[in-house]
Enquirer: 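A single structure is presented below for examination.
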Amino acid sequence: MRLSKDGVSTLRDDPQEAELASHKLMLRAGMIKKLSSGLYTFMPLGLRVLRNVEQIIREEMNRAGAVEILMPALQPREIWDRSNRYEVMGDGMFKISDRQHREMVLGPTHEEVITEIISNEIKSYRQLPRTLYQIQTKYRDEIRPRFGLMRAKEFIMKDAYSFDVGWDEADTSYDAMYNAYGKIFRRCGLRTKIVEADTGPMGGNRSHEFMALADAGEDGLLECPSCSYAANVERAERGAAEPKLFPDNEKEAEPVSTPGMRTVEEVSTFFKSSPDRLIKTLIYLADDKPIAALIPGDRTMNDMKLARAVGAETLILANEQTVLEATGAPVGFAGPSGLELPIYADMTLKGYKGALTGGNQADTHFINIDLERDATIEAFADLAFGETGDPCPRCNDGKLVAMRGIEVGHVFKLGTKYAKSFDATFLDAEGKEQLVVMGCYGIGVSRTLQAAVEQNYDKHGILWPMSLAPYKITMLGLQPDDEETMRICDNIVDAFRSSGEEVLFDERDERPGVKFKDADLVGCPIRIVVSKRSLEKGAAELKLRSSEDSEFVPIADIHERVMSIINKEMQN
RNA sequence: CGGGGCGUAGCGCAGUCCGGUAGCGCGCCAGCUUUGGGAGCUGGAUGUCGUCGGUUCGAAUCCGACCGCCCCGACCA
């Protein structure tokens with residue numbers, strides 16, 4: 001590809017719209033262009049990277065025994081009614097209608113379609129197991145699209161679906177995908193962690209997320225360095241901690257006037273105490289009934305954990321009015337002592353003595369609270385988000401470490417949820433009708449691309465892994481006016497082409513500095529410079545994007561030399 | 001949905017407070033010089049100042065509504 005006429009345009013300044021390094025770089029390098037919030041065009045270079053990710057996925061999916069198909073993005077409403085997800089997905093789906101006023105949705109995912117198709121297709125246990133996949137555009141009406149390709153309204157996804165005769169057999173299919181995912185992300189040059197995850201609205205009983213590690217990631221995860229435990233922070237358990245005793249822990253509880261002291265910060269400053277000495281009391285509506293939930297003042301409540309502990313279908317934080325009715329005090333002064341509500345306390349509060357709580361009365365807090373002496377606790381449970389330093393739930397000596405990641409893949413064991421909705425059954429060896437057991441497996445293809453940038457850049461631009469680079473080789477011809485230089489460049493390009501490698505050839509009438517800057521920005525891993533200076537030595541200059549050093553290689557050797565670098569790199 | 005910020009040339013921005021008919025840098029076009037890390041000089045083109053309405057002799061600037069983009073998010077017990 002010749003740079004002078006293919007319309008690749010780079011930007012010198014960071015676009016105002018972008019915040020994340022990867023987002024800025026993709027825009028600056030001309031890989032993507034925004035049409036509107038959450039909607040992006042893949043420009044020539046970006047599209048080539050996307051195709052490389054897709055190709056890696058196809059190879060590993062096929063190797064794992066999955067078969068590619070392509071389903072419609074546009075789907076009739078009825079199949080979403082059958083699985084009961086038209087309501088569940090709610091505003092997360094784009095809903096449209098055709099000219100007959102028939103209601104349709106733009107598919108955010110394809111469990112419904114695949115199960116509908118497969119329910120007619122599969123009749124006998126002899127046809128199982130099967131795993132089908134597609135690479136396709138998905139549509140989700142995100143609450144807040146952000147960070148370019150990271151969270152878009154329209155994005156490219158690889159989704160796979162497995163069908164098995166039973167639950168144990170489904171684990172085999174699950175493991176095959178799990179292993180394939182590991183290979184895919186490794187080949188994409190990503191550093192990932194595999195974490196236990198919640199199944200959420202998908203349903204099912206086993207689930208892992210593949211997280212590309214990045215400080216800018218939207219997801220939190222916790223890992224134990226001593227054992228293999230790793231989980232999404234939404235789900236991560238914590239090991240038991242030592243009970244906390246604060247000063248004056250044998251004294252009687254006593255009300256103290258705390259005018260206007262509502263926040264943890266205000267109260268702990270007022271009492272010259274650490275925030276964890278204050279027991280935060282939050283009022284929730286659990287299935288429309290008020291409950292209280294307690295956590296240490298320095299912790300954050302995990303609503304999902306609380307809902308599970310309470311056994312509630314719906315859980316929302318109470319509004320000011322409800323708090324006033326339930327506690328007799330305005331927001332900021334709730335406490336467990338004397339509270340006539342079911343009280344759920346975080347497990348770390350067990351044995352808390354000498355603590356501070358709200359007084360259930362305006363401008364009042366209690367000191368010297370012994371939680372189990374001064375309040376009636378319905379249950380102690382793991383309610384708060386885990387944090388760095390919390391004990392590992394699986395091993396004795398481990399301390400959890402928090403990190404952030406980008407969710408690039410997610411695998412679910414679904415079970416029979418969709419099979420039931422779509423009557424997807426087969427006859428087993430005894431001639432009995434059985435429900436197929438399903439799994440589903442997603443990779444954010446376009447997100448993976450951006451995650452790769454987020455993990456591989458420096459102050460000059462992108463450093464593409466060899467496997468994803470839009471072109472593995474970029475060649476700069478520094479004297480485009482010089483016939484001899486151009487002839488040699490063309491020969492080099494032709495030689496690589498006959499080896500199957502297209503070269504990004506910068507033959508623009510630009511000064512050398514511009515070409516160097518753009519080459520660094522675009523981030524092709526191998527750079528060849530052909531110039532008068534190099535030709536005096538009968539050589540081309542070879543430099544890797546990842547290295548500071550360059551060397552002159554005789555023109556006659558450059559092809560072989562570069563191909564060996566590529567081949568070596570691509571084997572990893 | 002709530003809170004905050006921003007919309008002025010392809011990109012990055014000034015001008016808005018205090019109304020007088022639009023500017024800077026980069027990029028683009030032409031010419032000359034230059035040619036290994038975002039060149040210099042000269043000349044030039046490019047704008048419904050987000051949209052609609054209002055106030056005014058006069059609006060990028062003041063007022064109102066709307067639209068778009070970005071960031072944060074029940075922060076509170």
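A, B, ... follow the sequence lines: proteins, then strands. Residue 1 opens every chain. Just so we're clear, the structure is a prediction, and the values are computed from it rather than from any experiment.
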Enquirer: Using the P atom on both, measure B/G23 against B/G31 and round to a whole Å.
Expert: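 Comparing P positions in B/G23 and B/G31 gives a spacing of 27 Å.
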
Enquirer: In whole Å, measure the gap between the C1' atoms of B/C71 and B/G64 for me.
Expert: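 26 Å, rounded to whole Å.
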
Enquirer: Rounded at 0.5 Å granularity, tell me how far CG in A/Asp346 sits from CG in A/Leu383.
Expert: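 Here the rounded value is 5.0 Å.
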
Enquirer: To the nearest angstrom, how far is A/Gln479 atom CD from B/U34 atom C1'?
Expert: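 Those two atoms, CD and C1', are 13 Å apart.
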
Enquirer: Could you state the interatomic distance from CG (A/Leu39) to NZ (A/Lys33), rounded to the nearest 0.5 Å?
Expert: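 Separation between the atoms: 15.5 Å.
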
Enquirer: Please report the distance separating the C1' of B/U48 from the corresponding atom of B/G53, rounded so that it comes out in whole Å.
Expert: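 It works out to 16 Å between them.
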
Enquirer: Using purine N1 to pyrimidine N3 plus N6-O4 or O6-N4 for Watson-Crick, or N1-O2 and O6-N3 for G-U wobble, each under 3.5 Å, what pairs with B/U48?
Expert: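 The base-pairing partner of B/U48, which may sit in any strand shown, does not exist here.
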
Enquirer: Start at the 5' end of RNA chain B and walk down; is the nucleotide closest to A/Gly332 or to A/Ile316 reached first?
Expert: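 Nearer the 5' end of the strand: A/Ile316.
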
Enquirer: Look at the side chain of A/Leu317 and decide which nucleotide, out of B/C72, B/C76, B/C11, has an atom nearest to it.
Expert: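 Per side-chain heavy atoms of A/Leu317, the pick is B/C76.
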
Enquirer: Nearest to the side chain of A/Lys517 - B/G37, B/C76, B/G12?
Expert: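 Per side-chain heavy atoms of A/Lys517, the pick is B/G37.
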
Enquirer: Could you state the atom-to-atom distance from CD of A/Gln16 to P of B/C70 in whole Å?
Expert: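 Answer to the nearest Å: 10 Å.
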
Enquirer: Which of these nucleotides, B/G36, B/C69, B/C6, is closest to any side-chain atom of A/Ser37?
Expert: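 Nearest listed nucleotide: B/C69.
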
Enquirer: From CG of A/Asp481 over to P of B/U34, roughly how many Å is that when rounded to an integer?
Expert: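 That distance rounds to 13 Å.
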
Enquirer: Using the closest heavy atom to pick a nucleotide of RNA chain B for each, name whichever of A/Ile279 or A/Leu478 lands nearer the 5' end.
Expert: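 Its nearest nucleotide lies further toward 5', so the answer is A/Leu478.
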
Enquirer: May I have the distance from A/Phe385 (atom CZ) to B/C75 (atom C1'), rounded to whole angstrom?
Expert: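 It is 13 Å, rounded to the nearest whole Å.
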
Enquirer: Under 3.5 Å, is there a donor-acceptor pair between the A/Glu154 and A/Thr137 side chains?
Expert: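 No donor-acceptor contact under 3.5 Å links the two side chains.
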
Enquirer: Taking atom P of B/C70 as reference, at what distance in whole Å does atom CZ of A/Arg146 sit?
Expert: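 About 11 Å, once rounded to whole Å.
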
Enquirer: If I pick the P atom on B/A65 and the same atom on B/G47, what distance separates them, to the nearest angstrom?
Expert: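 Those two atoms are separated by 31 Å.
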
Enquirer: Mind calculating the distance between CG (A/Asp506) and C1' (B/G38) to the nearest angstrom?
Expert: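 Value for this atom pair: 13 Å.
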
Enquirer: Within the 4.0 Å limit for protein heavy atoms, which parts of nucleotides 24-32 of chain B are touched? Write it as a string from 5' to 3', B for base, S for sugar-phosphate only, - for none.
Expert: -BSS-----

Enquirer: For residues A/Glu266 and A/Thr269, determine if any side-chain heavy atom of one lies less than 4.5 Å from a side-chain heavy atom of the other.
Expert: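 No, side chains not in contact.
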
Enquirer: Using Watson-Crick or G-U wobble geometry with both distances below 3.5 Å, tell me the partner of B/C69, or none.
Expert: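 Its partner is B/G5.
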
Enquirer: May I ask you to decide if the ring planes of A/Phe246 and A/Tyr352 are parallel, tilted or perpendicular, using 30° and 60° as cut-offs?
Expert: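 Perpendicular: the ring planes of A/Phe246 and A/Tyr352 meet at over 60°.
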
Enquirer: Would A/Glu507 and A/Arg2 count as a salt bridge (charged side-chain N to carboxylate O under 4.0 Å, His left out) here? Give the steps.
Expert: CA-CA 7 Å; A/Glu507 30 65 275; A/Arg2 290 185 166 227; 3.7 Å; yes

Enquirer: Charged N to carboxylate O below 4.0 Å: is that the case for A/Lys472 and A/Glu569?
Expert: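 Here A/Lys472 does not pair with A/Glu569 in a salt bridge, since their nearest N and O are not under 4.0 Å apart.
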
Enquirer: Less than 4.0 Å between a side-chain N and a carboxylate O, is that true for A/Glu551 and A/Arg561?
Expert: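 Yes, charged N to carboxylate O under 4.0 Å.
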
Enquirer: How would you label the contact of A/Val264 with the nucleic acid (heavy atoms, under 4.0 Å): base, sugar-phosphate, or nothing?
Expert: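 Counting heavy atoms under 4.0 Å across all strands, the contact made by A/Val264 is with sugar-phosphate only.
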
Enquirer: Can you tell me if A/Glu541 and A/Ser534 form a side-chain donor-acceptor pair at under 3.5 Å?
Expert: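 There is no such pair between these side chains.
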
Enquirer: Classify the nucleic acid contact of A/Tyr284 as base, sugar-phosphate or nothing, counting any heavy atom under 4.0 Å across all strands shown.
Expert: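 The answer is nothing, as A/Tyr284 stays clear of every strand by at least 4.0 Å.
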
Enquirer: What is the base-pairing partner of B/C57, counting Watson-Crick and G-U wobble geometry with both distances under 3.5 Å?
Expert: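 Base partner found: B/G20.
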
Enquirer: Using a heavy-atom cut-off of under 4.0 Å over every strand shown, decide if A/Asp518 touches base, sugar-phosphate, or nothing.
Expert: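 If one applies the 4.0 Å heavy-atom cut-off, A/Asp518 turns out to touch a base.
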
Enquirer: Under 4.0 Å, counting only non-hydrogen atoms across every strand here, what does A/Thr327 touch: a base, just sugar-phosphate, or nothing?
Expert: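 No contact.
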
Enquirer: Determine, for A/Phe155 and A/Arg140, whether the Lys NZ or Arg CZ falls below 6.0 Å from the six-membered ring centre while staying within 45 degrees of the axis.
Expert: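 Ring-cation test returns no.
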
Enquirer: Measuring only the P atom in each nucleotide, how far is B/G68 from B/A60? A whole number of Å is fine.
Expert: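 Result for the P pair: 24 Å, nearest Å.
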
Enquirer: Which one, B/A39, B/C70, B/C71, comes nearest to the side chain of A/Arg511?
Expert: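 Given the options B/A39, B/C70, B/C71, the side chain of A/Arg511 is closest to B/A39.
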
Enquirer: Measuring only the C1' atom in each nucleotide, how far is B/C75 from B/C69? A whole number of Å is fine.
Expert: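 Result for the C1' pair: 27 Å, nearest Å.
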
Enquirer: Return the pairing partner of B/G37 with a 3.5 Å limit on both distances, Watson-Crick or G-U wobble; otherwise return none.
Expert: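 Result: none.
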
Enquirer: Out of B/G38, B/C69, B/C71, which has the shortest distance to the side chain of A/Val514?
Expert: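 Selected nucleotide (nearest to the side chain): B/G38.
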
Enquirer: Could you work out which one of B/G36, B/G38, B/C71 sits closest to the side chain of A/Pro512?
Expert: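 Nearest listed nucleotide: B/G36.
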
Enquirer: How far, in whole Å, is B/G20 from B/C49 if one measures between their P atoms?
Expert: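 16 Å, rounded to whole Å.
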
Enquirer: Report the distance from atom CD of A/Glu17 to atom P of B/G10, rounded to the nearest whole Å.
Expert: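 Taking CD of A/Glu17 and P of B/G10, I get 15 Å after rounding.
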
Enquirer: What residue among A/Arg308, A/Lys305, A/Lys350 forms salt bridge (Lys or Arg N to Asp or Glu O under 4.0 Å) with A/Asp382?
Expert: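 Single pass found, and it is A/Lys305.
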
Enquirer: Is the shortest distance from a Lys or Arg side-chain nitrogen in A/Asp506 or A/Arg508 to a carboxylate oxygen in the other one below 4.0 Å?
Expert: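 Yes.
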
Enquirer: What's A/Ile295 touching, base or sugar-phosphate or nothing? Going by heavy atoms closer than 4.0 Å.
Expert: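 The residue A/Ile295 makes no contact with any strand.
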
Enquirer: Does any nucleotide pair with B/G43 by Watson-Crick or G-U wobble geometry, both distances under 3.5 Å, and what is it?
Expert: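 WC or wobble partner is B/C29.
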
Enquirer: Could you give the CZ-to-P distance, from A/Arg508 to B/G38, as a whole number of Å?
Expert: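 It works out to 14 Å between those atoms.
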
Enquirer: Hey, does A/Arg28 reach any base, or is it just sugar-phosphate, or nothing, if we go heavy atoms under 4.0 Å?
Expert: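 Result for A/Arg28 = base.
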
Enquirer: Return the nucleotide paired to B/C75: Watson-Crick means purine N1 to pyrimidine N3 with N6-O4 or O6-N4, wobble means G-U with N1-O2 and O6-N3, both under 3.5 Å.
Expert: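 Answer to the pairing question: none, since B/C75 forms no Watson-Crick or G-U pair.
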
Enquirer: I want to check a possible cation-pi pair here: A/Lys95 against A/Tyr86, using under 6.0 Å from ring centre and within 45° of the ring axis as the test.
Expert: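 Ring-cation test returns yes.
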
Enquirer: Using the C1' atom as the reference point in each nucleotide, state the distance between B/C63 and B/U56 in Å, no decimals.
Expert: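 Going atom to atom, C1' in each nucleotide, I get 12 Å.
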
Enquirer: Counting side-chain heavy atoms from CB outward, which of B/G12, B/C11, B/C69 is closest to A/Lys34?
Expert: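 From the listed options, B/C69 comes nearest.
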
Enquirer: Check the phosphate of B/C69 against A/Ser36, side-chain N and O only, distance under 4.0 Å to OP1 or OP2. Yes or no?
Expert: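 For B/C69, OP1 or OP2 has a side-chain N or O of A/Ser36 closer than 4.0 Å.
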
Enquirer: Which nucleotide wins on minimum distance to the side chain of A/Arg144, given the candidates B/C69, B/C71, B/C13?
Expert: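 Ranking B/C69, B/C71, B/C13 by closest atom to the A/Arg144 side chain puts B/C71 first.
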
Enquirer: Give me the residues of residues 519-543 of chain A where at least one heavy atom lies under 4.0 Å from an atom of RNA chain B, by number, or none.
Expert: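 When residues 519-543 of chain A is checked for heavy atoms under 4.0 Å from RNA chain B, the hits, listed by number, are A/Asp520, A/Arg527, A/Ser531, A/Arg533, A/Ser534, A/Glu541.
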
